Amino acid sequence: MSVRVRYAPSPTGLQHIGGVRTAIFNYFFAKANKGQFILRIEDTDQTRSTPEAMQDIYNTFAWLGIHWDEGPDVGGPKGPYVQSQRFDVYKQYAQQLLETGHAYKCFCTSERLAELREEQTKTKSALGYDRKCRLLAAEERQKLEDAGTPYVIRFAIPLEGATAFHDEILGDISKENIDINPDPVIIKTDGFPTYHLANVIDDHLMEITHVMRSQEWISSGPLHILLYKAFEWEPPKFCHLPMVMGEDGQKLSKRHGSTSAIEFRQKGYLAEAVLNYITLLGWSYDDSREFFTKQELEELFTMDKLSKSSAVFNYQKLDWFNGQYIRRMSADELAAGITPWLAKEGFVADPPTAEQAGIIQQIIPLVQERLIVFSDVAGLAGFIFRDVAIEDPETLIPKKTDKATTVKILQKLKEIVPGLAGKSHDEIEAIFREDAEKLEVKLGALLMPLRVAITGSTQSPPLIDSMHILGTEKTLERIEKAIALLS
RNA sequence: GUCUCCUUCGUCUAGUGGUUAGGACACCGGGUUUUCAUCCCGGCAGCAGGGGUUCGACUCCCCUAGGAGAUGCCA
């Protein structure tokens, strides 16, 4: 039987990096096994699901280049792929459970449940439903039903025995039935199913062969097995994925930094780098290789290289990956990558004019080794496009040099710059070296005032090239401004 | 509290009874260099602890500790 896996997000917020990683593991597993990858939307919580979150799912995976074989937007033979559109299916199967005695109606009010919980907390006894309605006398139950009392449907967990399942990476996991959440709700008052019911029914009907989901689901594994048993269905294989944590070892969340895929996109990270990095969170290929394209992972991914323990999301390493990817880009690719960021700053038109496109081509070699994320281009090359402000005139003065010397240097520079046009990089450098000698300063000391004058910063891309792109006129203007600033 | 799972450098990991415990990020040195980066070279740093099993344990078993998750009419 061919592999069929699914990613089943609930559209209740932005796509979290952890969820995205679960998705890509499923995707790569499907691809590597020539199987199907399915997107299923779990929107059974009507109060929390939003169309924006739905859109974010589409945007995120489009950006990453992850496509599903079956899903709400592309259709497929096992649809609909949105749970709220499968309402009747769940109702029908819940009814079946009622009839076979695996489930029962519970008329307890949320107030009673809250009190129960409070009491349990106070007495430090086990938390959970006390199964009151499971033991309801037939006539009592009938009375409540006749009165139209609102109810939920609960699954009747066996009171004895244990339930086990085999996890593909963790091995056998078993739990005493008495330790399973006592009779979880499977149909809510509003008639919608809870995750447990919907997920089991859909995985069965959609013929899912492997359930690859986060380890936070491990403890409901036995419950799901019990549900499959109650329906007399063959359960799929399970594979619980290690979780993604923040630096403090807690579940990755907002306070650790960016956590949604879209944020990384907005900061100028490359989809390829993000994909590569998060794949390595819980998966490895061998003892050294860590660069993989999406295409490679589609062939190389194997479940047996998944690790058991959770992984900490390391922003620094992601940065390093992104820098590596940027450095490996061709000039044209990088130009295409940074142009939107330049346009966003108003440095170039969108799309750029021919002249601007030429400038972009020229700045590529200056920024390629220096970018970590695309958005850095504004800070690195901004001086080419707009006037610079020198915050602190002191920065113009090189180390071990005084103001008077700096002014002298700048004046000398003003003299020689007009003669530089048309000369090669090496020729210009030679001229600078000569002048530095004449002024009895080091080359660095000669160039620093010039650097700050034209870029506004003590750190910049290589000066000679920068100056060339800027043009003689603007370079002179800025030198004069710097002289004025020191006078 | 109870249940379940996990545990190799700070972090991500390789390792499946015999290795000087390997790689990467970070960090620290050094080199290249007009600054910043890049790049190159070098270094620091780890098998949670205790018992077994075995000729021999990072590798197998048990216990302890630590961590995480679950314990919802959220997924």
Side-chain angles (χ1 to χ4, degrees), chain A residues 8-12 19 42-45 47-49 106 108 110 113 117 120-121 123-129 150-154 167 170-171 173-176 178-182 184-196 198-199 213-222 240 242-243 245 247 249-251 277 280-291 305 307-321 323 327 366-372 380 398 429 432-433 436 442-448 450-452 455 457-464:
Chain A
S10 64
T12 53
E42 308 219 324
D43 61 345
T44 52
D45 186 340
T47 57
R48 297 199 309 148
S49 299
C106 169
C108 292
S110 41
L113 263 22
R117 181 171 204 78
Q120 287 167 337
T121 312
T123 60
K124 288 183 177 166
S125 51
L127 262 32
Y129 184 53
Y151 64 88
V152 298
I153 297 178
R154 288 182 183 273
D167 184 275
L170 264 16
I173 292 168
S174 91
K175 200 167 184 169
E176 296 295 322
I178 203 69
D179 291 325
I180 296 176
N181 182 8
V185 171
I186 54 175
I187 296 282
K188 304 180 247 185
T189 312
D190 66 3
F192 275 89
T194 57
Y195 169 82
H196 303 296
N199 144 274
R213 72 222 313 187
S214 165
Q215 276 177 11
E216 60 193 326
W217 293 110
I218 258 199
S219 51
S220 28
H240 288 90
M243 308 211 305
M245 311 301 225
E247 240 103 44
Q250 308 281 118
K251 224 164 139 181
Y277 175 65
L280 264 16
L281 252 25
W283 183 83
S284 62
Y285 177 69
D286 61 13
D287 63 346
S288 55
R289 183 171 174 191
E290 52 184 1
F291 280 91
K305 301 297 284 183
S307 62
K308 293 180 176 183
S309 47
S310 54
V312 173
F313 190 94
N314 188 317
Y315 290 87
Q316 279 182 315
K317 183 132 191 191
L318 204 220
D319 280 350
W320 177 79
F321 261 108
R327 259 152 252 138
L366 306 198
V367 299
Q368 186 149 24
E369 305 295 300
R370 275 160 263 264
L371 291 173
I372 293 173
L380 278 169
E429 190 175 328
F432 279 148
R433 282 189 191 282
K442 289 195 171 168
L443 182 60
L446 174 80
L447 295 180
M448 190 50 82
L450 178 58
R451 180 186 315 283
V452 177
T455 70
S457 166
T458 53
Q459 303 173 4
S460 82
L463 248 198
I464 296 172

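Keep in mind that the numbers below use all heavy atoms, side chains included, and drop hydrogens, waters and symmetry copies. Naming: A, B, ... by sequence-line order, numbering from 1 per chain. A quick note: this is a predicted structure, and the numbers were derived from the prediction, not measured.
When the P atom of G15(B) is taken as reference, atom OH of Tyr285(A) falls 12 Å away, rounded to whole Å. Atom CZ in Arg289(A) sits roughly 14 Å away from atom C1' in A24(B) (whole-Å rounding). Note: CG (Leu318(A)) to P (C12(B)) measures 14 Å, nearest angstrom. The separation between Ile186(A) atom CD1 and C73(B) atom C1' is 12 Å, rounded to whole Å. Rounded to whole angstrom, the span from the NZ atom of Lys308(A) across to the C1' atom of C5(B) amounts to 10 Å. Atom CG of Asp287(A) and atom P of C58(B) are 20 Å apart (whole Å). For Leu450(A) and U34(B), the CG to P distance is 15 Å, given to the nearest whole Å. Taking atom OH of residue Tyr315(A) and atom C1' of nucleotide C12(B), one finds them 15 Å apart after rounding to whole Å.
Residue contacts shown for Thr458(A) include a base, since a base heavy atom lies under 4.0 Å away. Heavy atoms of Gly221(A) sit nowhere under 4.0 angstrom from any nucleic acid atom. As judged by a 4.0 angstrom heavy-atom cut-off over every strand, Ser307(A) is placed among residues touching the sugar-phosphate backbone only. Backbone-only engagement by Ile218(A) is indicated by non-hydrogen atom pairs under 4.0 Å involving sugar-phosphate atoms exclusively. Among the heavy atoms of the strands lying under 4.0 Å from Pro461(A) is at least one base atom, whether or not backbone atoms are also near. The residue Pro462(A) sits close to a base: some heavy atom pair falls under 4.0 Å.
When the C1' atom is used for both A57(B) and A21(B), the distance is 13 Å, rounded to whole Å. Distance check on atom C1': U33(B) versus C41(B) gives 16 Å, rounded to whole Å. Spacing of C1' atoms, C5(B) relative to G10(B), comes out at 24 Å, to the nearest Å. Going from the P atom of U7(B) to that of A48(B) covers 9 Å, rounded to whole Å. Using P as the reference atom, G15(B) and U8(B) are 14 Å apart when rounded to the nearest Å. A gap of 13 Å separates the C1' atoms of C58(B) and C9(B), to the nearest Å. Atom C1' of U11(B) sits at a distance of 15 Å from the matching atom of G67(B), rounded to the whole Å. Nucleotides G29(B) and C12(B), compared at atom P, are 25 Å apart to the nearest Å.
Residue Leu366(A) comes nearest to Pro461(A) through the heavy atom pair CB-CB, 3.8 Å, listed as atom of the first residue, atom of the second, then distance. The heavy-atom pair separating Ile173(A) from Leu170(A) by the smallest distance is CD1-CB, 4.0 Å. Scanning both residues, Met243(A) and Lys251(A), for their nearest heavy atoms gives CE-CG, 4.3 Å.
With U35(B), G69(B), C5(B) as the candidates, the nucleotide lying closest to the side chain of Leu170(A) is C5(B). With G72(B), C12(B), C73(B) as the choices, the nucleotide that has an atom nearest any side-chain atom of Val152(A) turns out to be C73(B). Which of C12(B), A37(B), A70(B) sits closest to the side chain of Ala311(A) comes down to C12(B). For Ser309(A), whose side chain is taken as the heavy atoms from C-beta onward, the closest listed nucleotide among U7(B), G67(B), A24(B) is U7(B). Among the nucleotides U34(B), C73(B), C12(B), the one closest to the side chain of Arg451(A) is U34(B). Considering only side-chain atoms of Asp45(A), the nucleotide from U7(B), A37(B), A75(B) that sits closest is A75(B). The side chain of Thr194(A) lies closest to C74(B) when the candidates are A26(B), C74(B), U35(B). With U38(B), C3(B), A68(B) as the choices, the nucleotide that has an atom nearest any side-chain atom of Glu369(A) turns out to be U38(B). In the set U35(B), U8(B), G67(B), U35(B) carries the atom at the smallest distance from any side-chain atom of Met448(A). Residue Arg370(A) has its side chain nearest to U35(B) when only A75(B), U35(B), A26(B) are considered.
A donor and an acceptor atom sit less than 3.5 Å apart, one in the side chain of Thr189(A) and one in the base of C73(B).
Residues Phe432(A) and Leu463(A) are not in side-chain contact: their nearest non-hydrogen atoms beyond the backbone lie 4.5 Å or more apart. Looking at heavy atoms from C-beta onward, Arg48(A) lies out of side-chain contact with Asp43(A) at the 4.5 angstrom threshold. At a threshold of 4.5 Å between non-hydrogen side-chain atoms, the residues Tyr129(A) and Val185(A) do not count as touching.
Base pairing annotation: U54(B) forms no Watson-Crick or G-U wobble pair, as no partner gives both donor-acceptor distances under 3.5 Å. If you check U7(B) for Watson-Crick or wobble pairing at under 3.5 angstrom, you find it paired to A65(B). Across all strands shown, G42(B) forms a Watson-Crick or G-U wobble pair, both distances under 3.5 Å, with C28(B). Across the strands present, U20(B) finds no partner; the criterion is a Watson-Crick or G-U wobble pair with both atom distances under 3.5 angstrom. When both pairing distances are held under 3.5 Å, C74(B) makes no Watson-Crick or G-U pair with any nucleotide shown.
Under the 3.5 Å distance criterion, the side-chain polar atoms of Tyr285(A) are left unmatched by any main-chain donor or acceptor of Lys305(A). Judged by distance alone, the side chain of Arg289(A) and the main-chain N or O of Phe291(A) form a donor-acceptor pair under 3.5 Å. Between the side chain of Asn181(A) and the backbone N or O of Pro184(A), no donor-acceptor pair lies under 3.5 Å.
OP1 or OP2 of C74(B) has at least one side-chain nitrogen or oxygen of Lys188(A) nearer than 4.0 Å. Contact between the side-chain N/O atoms of Lys305(A) and the OP1/OP2 oxygens of G15(B) is found at a separation under 4.0 Å. Of the side-chain N and O atoms in Lys251(A), one or more sit less than 4.0 angstrom from OP1 or OP2 of A70(B). OP1 and OP2 of A70(B) both lie 4.0 Å or more from every side-chain N or O belonging to Ser220(A). OP1 or OP2 of A75(B) has not a single side-chain nitrogen or oxygen of Arg48(A) nearer than 4.0 Å. Close to A75(B), at under 4.0 Å from its OP1 or OP2, lies a side-chain N or O of Thr44(A). A sub-4.0 Å separation between OP1 or OP2 of G72(B) and a side-chain N or O of Arg117(A) is present.
Within 6.0 Å of atom NZ in Lys188(A), more than 12 heavy atoms from other residues, nucleotides or ligands are found, so the atom counts as buried in its surroundings.
Mapping Phe321(A) and Ser284(A) onto RNA chain B by nearest heavy atom places Ser284(A) closer to the 5' end of the strand. Summary of the strand contacts: Trp320(A) and Ser174(A) both lie near RNA chain B, and taking for each the nucleotide with the nearest heavy atom, the more 5' one is attributed to Ser174(A).
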